[in-house]
Amino acid sequence: MRIIYIIVIIAVAMLQSAEVCGQSVPDSIAVCEPGDAPVVMDDVQEPALPSDASRLMTVEEITVAADTIISNYDSDWTDLSMQGKLSFDGLPMSVSVKVYMKRGESVILSARAPFLGEVARVEVDQDSITLINKHTRCYNVQPFAGLEVDRKAYLTDLQDILLGQVAFPGHGRLTSENAILSQWIALPTEEVLIYPSAALQTAGTEYGFVMDSSYWQLCSFVLMLQQAKVMVETKYVYGDKGWTLGLEISLPKKKMKGEVQLSYPDYEAAPLEFTAIGSKYRKVDFTQLMKF
């Protein structure tokens, strides 16, 4: 699934060693094999759960929880921006960032360093993702050729997930109808694991959500690419004036972490424009691109 490239590459732009969320998603995110998650929860044979204190929620409980989550959606925005700070391994200092999103069309992340100005860009549209190292004037492009899906829908779902909302990649946000196409598992940590059914999964991947059961806010989103044995986890911590988005990438031989501290969205901010890449920039592979 090509959306993994979007999430992984954006994540790499935010890597660092600080842990963001107070707890991690349990190893048992795959509480059943893909395809076993039922449409009607009452008719399912109970799978192996993360612990004896965990339990499958009833349809009635799921309906109430889903209604609460849906009521917190902001469905009217067309574009927004957020500002903050990011840090990651290998960068000698924290950098300021601005994130601009146009719903279903683009995601642009701009990073600026003291005394150097803008040093990096991540630019995503419906056709490709472009990474730009402005310090060395290099770039790398990953096209989405061969992605036989509604690219606007996928990009919209990615934006919703980055904003801390429950969205099923390629299938849209959580609704009262698709809520029961998932297993909702109440965990002993006062959290709820949402594991989507096969109808909402994509071949070769697994993903799930962990929600705070007190406020029904998203705590973690986990995406696993089975063949490559890669797991990407985004973690969310909410404050009075802003929030923290943490990312962790687990590769077969390496684990990378990072965070970006952001203001809450500004819906009237000036947009960022895509970079005009001309003869002053040279195309390189990803390894070369990350050399500052």
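Quick caveat: nothing in here was measured; it's all calculated off a predicted structure. Residue indices begin at 1 and follow the sequence shown.
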- [ ] Please examine the side chains of Arg103 and Leu155, heavy atoms only from C-beta on, and report whether any two atoms are closer than 4.5 Å.
- [x] no
Open item on the list: Quick check against the 3.5 Å criterion: does Gln201 have a side-chain atom that pairs as donor or acceptor with the backbone of Tyr195?
Closed with: no
Open item on the list: Within 45 degrees of the ring normal and closer than 6.0 Å to the centroid, is that where the cationic atom of Arg173 sits relative to Tyr73?
Closed with: yes
TODO: Return yes if some donor-acceptor pair links the side-chain N/O of Asp266 with the main-chain N/O of Ser81 below 3.5 Å, else return no.
DONE: no
Task: Exam field: side chain Glu61 to backbone Thr58, donor-acceptor pair closer than 3.5 Å - done: yes
Task: Reported OH-to-OH distance for the pair Tyr281 and Tyr139, which is rounded to 0.5 angstrom - done: 11.0 Å
Open item on the list: Can a donor-acceptor pair be found, under 3.5 Å and without considering hydrogens, that links the side chain of Asn133 to the backbone of Thr136?
Closed with: yes
Open item on the list: Clusters formed by hydrophobic residues whose side-chain heavy atoms approach within less than 4.5 Å: which one holds Leu272, and what are its other members?
Closed with: Tyr100, Ile108, Phe274
TODO: Report the C-alpha distance between Thr275 and Glu123 in whole Å, list the side-chain angles of each, state the deciding distance to 0.1 Å, and finish with yes or no for side chain to side chain donor-acceptor pair (under 3.5 Å).
DONE: CA-CA 8 Å; Thr275 303; Glu123 301 180 346; 2.7 Å; yes
Task: Qualifying residue, where the test is side chain to side chain contact (heavy atoms under 4.5 Å, CB included) with Met101 and the options are Asp79, Val124, Leu162 - done: Leu162
TODO: Kindly assign one of parallel, tilted or perpendicular to the pair Tyr236 and Trp243, based on the angle between their ring planes and the thresholds 30° and 60°.
DONE: parallel
- [ ] Spell out, as yes or no, whether a donor-acceptor pair under 3.5 Å connects the side chain of Gln142 to the backbone of Thr130.
- [x] no
- [ ] Ignoring hydrogens and angles, state whether a donor on the side chain of Ser110 or Glu118 is under 3.5 Å from an acceptor on the partner side chain.
- [x] yes
Task: Donor-acceptor contact below 3.5 Å, side chain Ser197 vs main chain Ser182 - done: no
Open item on the list: Can you tell me how far apart NE2 (His171) and CG (Leu174) are? Round to the nearest 0.5 Å.
Closed with: 13.5 Å
Open item on the list: Within this structure, what is the OG-NZ distance for the pair Ser263 and Lys85, rounded to the nearest 0.5 Å?
Closed with: 12.5 Å
Open item on the list: Give me the atom names and distance for the closest heavy-atom approach of Lys255 to Ser250.
Closed with: CE-OG, 3.4 Å
Open item on the list: Let me confirm one number: the CD1-CG distance from Ile132 to Asn140, rounded to the nearest 0.5 Å.
Closed with: 10.5 Å
Open item on the list: Do Asn178 and Phe168 make a side-chain contact, defined as non-hydrogen atoms from C-beta onward lying under 4.5 Å apart?
Closed with: yes
Open item on the list: Check this for me, if you would: do Asp125 and Lys102 make a salt bridge, where the nitrogen-to-carboxylate-oxygen distance has to be below 4.0 angstrom?
Closed with: no
